[in-house]
Asks: 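Sharing a structure here in structure tokens format.
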Amino acid sequence: MKIALALLVVFFWAWCPSDAKHVPCPFPEELWCSSREIATACQASCRNIPEKKSNAVQISLYYESLCPGCREFFVSQLYPTWLTLGDVINMTLVPYGNAEERNTSSGKWEFTCQHGESECLGNMIETCIMYYLKDASAYANVIYCMESSVDVLKSAPLCLQIYSKDVTWDKVQSCVNGDLGNQLMHQNALMTDALSPQHEYVPWILVNGKHTDDLQKQAQSALFNLVCKLYTGEKPDPCQAV
């Protein structure tokens with residue numbers, strides 16, 4: 001994830017004329033504080049960006065909301081490990097995967113998803129939920145509730161109601177159907193396209209900003225053990241038996 005986001009920031013700077021005093025930001029102002037990387041790229045002063053944990057293991061999941069393998073990894077590996085070792089994990093979720101985008105004559109982005117329009121909607125819903133709830137400690141339960149349910153889309157309003165008192169479903173729908181959601185999904189597309197190496201399938205997992213076949217295999221089979229092994233700080237109690 002660090003590699004992808006660093007490349008995105010470099011893209012923003014490269015897009016700026018060399019004699020400009022301020023970096024022109026390609027995202028609308030309401031997105032400037034949605035992540036530390038965008039805030040830095042847009043030279044925005046933000047107060048409420050969640051701080052990264054010191055020495056935390058970075059787990060980044062590039063996925064699709066209706067992809068069976070993605071759902072299985074999140075439900076059976078990532079979410080349980082995050083619940084147990086949340087203090088030593090920074091989790092980033094990027095719902096886009098094998099989707100494609102094109103810029104329409106209206107200036108909006110149009111998305112085509114591997115599992116159809118329903119998946120595009122699921123990706124957008126989860127993206128908007130994460131935008132409003134900001135930190136994994138706030139949104140992980142909602143995403144898990146959706147991804148572990150029989151119907152990801154139909155479960156979304158109730159999952160949000162159960163786990164978030166501050167963000168309403170109407171607010172999420174406004175994001176999904178408006179310019180904000182469109183720009184957020186375009187951001188996900190840029191982050192996915194900036195992956196190095198480029199993703200070949202989903203789920204695509206980065207561990208501390210890196211992707212290798214071995215890390216992918218370890219993450220999908222025993223993420224808990226992998227995080228315990230890689231964490232460089234004082235091992236949390238659950239890791240003592242590993």
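Index from 1, following the sequence. Predicted, not measured: the structure shown is a model, and the values here were computed from it.
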Asks: Classify the side-chain pair Asp135/Ser137 by whether it contains a donor and acceptor separated by less than 3.5 Å.
Replies: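 Result is yes, a qualifying pair exists.
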
Asks: Considering only heavy atoms from C-beta outward, does the side chain of Ile59 approach that of Asn90 to under 4.5 Å?
Replies: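 Of all side-chain heavy-atom pairs linking Asn90 with Ile59, none is under 4.5 Å.
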
Asks: Between Glu101 and Tyr96, is any pair of side-chain heavy atoms under 4.5 Å apart?
Replies: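 SC-SC contact between Glu101 and Tyr96 confirmed.
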
Asks: Would you sort out whether Leu195 and His211 count as a side chain to side chain contact (heavy atoms under 4.5 Å, CB included), showing the intermediate values?
Replies: CA-CA 9 Å; Leu195 285 167; His211 176 92; over 6 Å; no

Asks: Provide the closest heavy-atom pair for Trp169 versus Pro157 in the form atom of the first, atom of the second, distance.
Replies: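 Heavy atoms only, the tightest pair is CE2-CG, 3.6 Å.
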
Asks: Tell me whether the guanidinium CZ or amine NZ of Lys134 lies under 6.0 angstrom from the six-membered ring centre of Tyr139 and within 45° of its axis.
Replies: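 Ring-cation test returns no.
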
Asks: Where is the tightest heavy-atom contact between Phe74 and Met91, given as atom of each residue plus distance?
Replies: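 Taking every non-hydrogen atom into account, CE1-SD, 4.3 Å.
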
Asks: Give a yes or no on whether Gln240 atom CD has more than 12 heavy-atom contacts from other residues, nucleotides or ligands under 6.0 Å away.
Replies: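 Enclosed: over 12 neighbouring heavy atoms sit under 6.0 Å from CD of Gln240.
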
Asks: When rounded to the nearest 0.5 angstrom, what is the spacing between CG in Leu66 and CD in Glu119?
Replies: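 Rounded to the nearest 0.5 Å, the CG-CD separation comes to 5.0 Å.
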
Asks: Side-chain donor-acceptor pair under 3.5 Å between Gln218 and Asp214, yes or no?
Replies: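 On atom types as modelled, these side chains qualify, holding a pair under 3.5 Å.
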
Asks: Side chains of Met130 and Pro95: does their closest heavy-atom pair fall under 4.5 Å?
Replies: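 Met130 reaches Pro95 side chain to side chain.
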
Asks: A side-chain contact here means heavy atoms from C-beta on lying under 4.5 Å apart; do Val57 and Val88 qualify?
Replies: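 Val57 vs Val88: side chains apart.
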
Asks: Can you measure from CG (Asp179) to CG (Leu184) and round to the nearest 0.5 angstrom?
Replies: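 Answer for the CG-CG pair, Asp179 versus Leu184, is 11.0 Å.
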
Asks: May I have the step-by-step check of side chain to side chain contact (heavy atoms under 4.5 Å, CB included) for Leu61 and Thr92, ending in yes or no?
Replies: CA-CA 6 Å; Leu61 173 62; Thr92 300; over 6 Å; no

Asks: So does Gln114 have more than 12 non-hydrogen atoms from other groups sitting under 6.0 Å from CD?
Replies: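 Yes - once you tally the heavy atoms of other residues, nucleotides and ligands closer than 6.0 Å, there are more than 12.
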
Asks: Is any side-chain heavy atom of Tyr63 closer than 4.5 Å to one of Ile205?
Replies: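 In short, these two side chains do not touch, never coming nearer than 4.5 Å.
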
Asks: Can Val94 and Trp204 be said to form a side chain to side chain contact (heavy atoms under 4.5 Å, CB included), step by step?
Replies: CA-CA 10 Å; Val94 184; Trp204 189 260; over 6 Å; no

Asks: Is there a donor in the side chain of Gln220 and an acceptor in the side chain of Gln216, or the other way round, less than 3.5 Å apart?
Replies: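 Per modelled atom types, Gln220 and Gln216 side chains form a pair under 3.5 Å.
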
Asks: Under a 3.5 Å threshold, yes or no: a donor from one side chain and an acceptor from the other, between Asn98 and His199?
Replies: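 On atom types as modelled, these side chains qualify, holding a pair under 3.5 Å.
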
Asks: Can you confirm whether Tyr132 sits close enough to Leu180 that some side-chain heavy atom of one is under 4.5 Å from a side-chain heavy atom of the other?
Replies: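 Contact flag for Tyr132/Leu180 side chains = yes.
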
